Amino acid sequence: MFEPIHNQKTCPKERGSYGKHGSIAANGCGAIAVYNACLMLGYPVPANEIFPVLGKSALLGGRMGTSPFALRRYLKGRGIRLHTYWQTASIKRHEAYIVLYIFRRGCRLFGHYIALAPQGKGFMALNDGAGGQPRRYEALSDIKKIHGALFLWILGLR
């Protein structure tokens with residue numbers, strides 16, 4: 001059956017499994033976020049359907065992961081309504097969220113996508129580097145603090 005993906009490192013590591021040069025384990029967090037968000041919304045889609053579609057439009061042949069534009073196109077094509085947020089203060093309640101956070105390691109920039117479900121007054125994030133376990137956030141602004149993110153791109157999904 002369909003199970004959430006909590007740890008992308010357990011996904012295929014072979015070069016070319018995500019785009020021409022990337023791998024799902026190293027570069028597929030956007031596709032994994034889409035897969036997990038679809039589960040949260042009650043629209044399960046097989047991972048082996050999502051990964052090739054988003055992998056074809058992955059940035060730099062997969063080396064830089066999922067294109068935000070391809071991610072939006074894919075979700076809209078499945079009939080999922082999207083609302084984009086750049087500031088956490090203006091966020092409304094949605095059934096699920098996908099967040100791209102950009103952070104710095106040394107002088108290099110990196111990005112990571114996660115899927116979140118509202119849970120009580122907070123949020124439960126999947127595939128967020130918590131040792132393969134879901135991570136709880138009291139507020140979406142906590143993502144920025146915990147990961148030292150420079151900015152967040154947030155999609156509210158219905």
Side-chain angles (χ1 to χ4, degrees), residues 3-40 47-48 50-76 82-92 94 96-119 121-157:
E3 294 292 327
I5 298 173
H6 296 289
N7 184 355
Q8 78 185 68
K9 302 294 183 207
T10 63
C11 293
K13 295 170 180 49
E14 298 79 33
R15 182 177 170 194
S17 62
Y18 194 68
K20 187 175 181 181
H21 304 289
S23 75
I24 296 166
N27 314 100
C29 59
I32 291 168
V34 168
Y35 170 82
N36 284 333
C38 286
L39 284 177
M40 291 171 183
N48 63 1
I50 295 171
F51 294 163
V53 171
L54 290 176
K56 284 180 186 170
S57 58
L59 301 168
L60 290 178
R63 287 186 196 107
M64 287 187 58
T66 306
S67 160
F69 303 108
L71 187 144
R72 284 181 59 86
R73 255 191 325 271
Y74 182 85
L75 292 168
K76 280 183 154 185
L82 314 171
H83 192 95
T84 304
Y85 299 96
W86 294 98
Q87 297 180 359
T88 56
S90 61
I91 293 176
K92 294 184 171 76
H94 294 273
Y97 302 85
I98 292 178
V99 175
L100 168 62
Y101 58 87
I102 304 297
F103 60 99
R104 185 185 311 267
R105 261 195 218 139
C107 60
R108 294 181 63 197
L109 292 177
F110 295 88
H112 187 64
Y113 287 97
I114 57 176
L116 298 101
Q119 189 176 65
K121 291 187 177 189
F123 303 89
M124 188 60 62
L126 301 180
N127 191 38
D128 195 22
Q133 299 299 314
R135 183 188 307 254
R136 180 161 173 74
Y137 292 103
E138 294 304 316
L140 291 176
S141 59
D142 292 344
I143 297 168
K144 213 170 178 181
K145 294 174 196 164
I146 289 171
H147 297 289
L150 303 172
F151 71 86
L152 306 176
W153 179 68
I154 303 165
L155 286 178
L157 312 174

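Predicted, not measured: the structure shown is a model, and the values here were computed from it.
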Side chains of Tyr85 and His94: do they bring a donor and an acceptor to under 3.5 Å? yes

Side-chain donor-acceptor pair under 3.5 Å between Asp128 and His147, yes or no? yes

Quick one: pull up [atom1] in [X] and [atom2] in [Y] and give me the separation to the nearest 0.5 Å.
X: Asn36; Y: Glu3; atom1: CG; atom2: CD; result: 10.5 Å
X: Ser141; Y: Gln87; atom1: OG; atom2: CD; result: 12.0 Å
X: Tyr97; Y: Leu140; atom1: OH; atom2: CG; result: 6.5 Å
X: Leu152; Y: Ile91; atom1: CG; atom2: CD1; result: 8.0 Å
X: Gln119; Y: Met124; atom1: CD; atom2: CE; result: 3.5 Å
X: Phe103; Y: Phe110; atom1: CZ; atom2: CZ; result: 6.5 Å

Between the side chain of Gln8 and the main-chain N/O of Ala25, is any donor-acceptor distance below 3.5 Å? yes

Whether the side chain of Asp142 engages the backbone of Ala139 through a donor-acceptor N/O pair (distance < 3.5 Å, no angle test) should be reported. yes

Derivation of the side-chain contact (heavy atoms from CB on, under 4.5 Å) call for His112 and Cys29: CA-CA 6 Å; His112 187 64; Cys29 59; 3.5 Å; yes

Work out which heavy atom in [X] is nearest to a heavy atom in [Y]; give both atom names and the distance.
X: Cys11; Y: Ile5; answer: SG-CG2, 4.1 Å
X: Ala47; Y: Pro52; answer: O-CD, 4.2 Å
X: Gly22; Y: Asn27; answer: CA-OD1, 3.3 Å
X: Gly122; Y: Arg136; answer: N-NH2, 3.5 Å
X: Leu150; Y: Arg104; answer: CD1-NH2, 4.0 Å
X: Ala115; Y: Ala37; answer: CB-N, 3.9 Å

Do Arg72 and Thr84 pass the side chain to side chain donor-acceptor pair (under 3.5 Å) test, and can you show the C-alpha distance, the side-chain angles, and the key distance before you say yes or no? CA-CA 10 Å; Arg72 284 181 59 86; Thr84 304; 2.7 Å; yes

Within the structure provided, determine whether [X] and [Y] are in side-chain contact (heavy-atom separation under 4.5 Å).
X: Ile114; Y: Leu126; value: no
X: Pro68; Y: Trp153; value: yes
X: Val34; Y: Ile32; value: no
X: Lys13; Y: Ile24; value: no

Side-chain donor-acceptor contacts of residues 56-64 below 3.5 Å, not counting sequence neighbours, with atom names and distances?
from: Ser57; atom 1: OG; to: Leu54; atom 2: O; distance (Å): 3.4
from: Arg63; atom 1: NH2; to: His21; atom 2: ND1; distance (Å): 3.4

Candidate pair Ile154 and Leu100, rule side-chain contact (heavy atoms from CB on, under 4.5 Å), full reasoning: CA-CA 7 Å; Ile154 303 165; Leu100 168 62; over 6 Å; no

If the test is side-chain hydrogen bond (donor to acceptor under 3.5 Å, both in side chains), which one of Tyr74, Tyr113, Tyr18 qualifies with Thr66? Tyr18

My understanding is that only residues two or more places apart in sequence, or in another chain, count here; which of them pass ring-ring contact (aromatic ring centres under 6.0 Å, His included) with His6? none

Tell me whether the count of non-hydrogen atoms from other residues, nucleotides or ligands lying under 6.0 Å of NZ in Lys76 goes above 12. no

